[in-house]
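Since the structure comes first, as structure tokens, the remarks are kept for the end.
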Amino acid sequence: MPVLTHPAELRLWCERVRASGLTVGLVPTMGALHAGHLSLIRRARAECDRTVVSIFVNPTQFAPGEDFERYPRTPAADLALCEAEGVGMVYLPPAEAVYPEGFATRVRVVGPVAETLEGAHRPGHLEGVATVVAKLLIAARPDRAYFGRKDAQQCALVRRLARDLDVGTTVVECETVRDPDGLALSSRNGYLDAAARAQALAIPAALAAAARLHEAGERDASRLIEAAVRRLAESPALSVDYAAAVDPDTFEPLATVTGRCGIVIAARIAGTRLIDSVMLGADAGLAIGNVGCPSPRP
Ligand code: AMP
């Protein structure tokens, strides 16, 4: 399994695959791979002839004071996992290959999908994501690129960006993989001690509360959010950045749920910021079935 480190090598490798009539699936990650990432890789392997995994802790999507320096980095383990999963190539560039001296371009998506919620709470974050993902899509020109629904706003942003920049890539949104207790797998979960983790379980429980209410027929978005917020409040150490019901494509807030609706939550616990989401509506059965949240408390 080749490990390439320069954008020109990424482009050439993918060009060769396409020239031989095969399809390319791209799985962008920041490494510290876990079962959530593996589910994306497996889906890419199932749907594409060759799978490329990129591993890059992207400095431009971290604001000053965030966890860029301490973000987990486990390249040897990541490469072993990719090899075992039958990945065709890993792209593992150093920062100076992605952002060489003189780099001066930013990709900025506008509108609620980029400016609300994560956009408002982490200034510059989504611009950093858009810039690095645009670079990957332009260099690799994958047939399909795989993203996790846990980061629902990122998925919507990348869908918008891929459409607007005519890269010809289908963006595939994959269901969230959770631990048996309901917590969405995240490279940042390692920051949590047992007490913080117990408090963090209110996040999937809050999503499940909103999903249950929706399943029972509630269509007033504010009631769904009230139910989620009530559940979050049972974990007093959790500081909630937002809990919102949004159109999953535009990220405009919803007043009434008539079709698909994303319930999105961001909260901080003991210095760690966690985000999670659930999709209600057309594929609600799938979404709720996968929430893996503890069953309703008696
Ligand atoms: P990250 O390495 O955290 O930037 O994540 C890389 C990709 O994996 C993103 O598209 C994430 O949404 C996705 N991902 C992260 N955690 C999970 C999870 N628990 N289930 C499914 N996908 C995930």
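Residue numbers count from 1 along this sequence. Every number for a ligand or one of its atoms is a count from 1 in the order of the listing.
- A salt bridge links E66 with R122: at least one charged nitrogen is closer than 4.0 Å to a carboxylate oxygen.
- Here E234 pairs with R231 in a salt bridge; the nearest charged N to carboxylate O distance falls below 4.0 Å.
- Residues forming a salt bridge (charged side-chain N to carboxylate O under 4.0 Å, His left out) with D67 (at least two apart in sequence, or on another chain): R188.
- By the 6.0 Å and 45° rule, R11 does not stack over the aromatic ring of Y91.
- Around ligand 1 you find P28, T29, M30, H34, G36, H37, L40, Y71, F147, G148, K150, D151, Q154, E175, T176, V177, L185, each with a heavy-atom distance below 4.0 Å.
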(request) Given salt bridge (charged side-chain N to carboxylate O under 4.0 Å, His left out), test E118 with R273 step by step and report yes or no. (result) CA-CA 11 Å; E118 287 302 284; R273 190 168 181 281; 2.8 Å; yes
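- Nearest heavy atom pair, residue V172 against residue R144, reads CG2-NH2, 3.7 Å.
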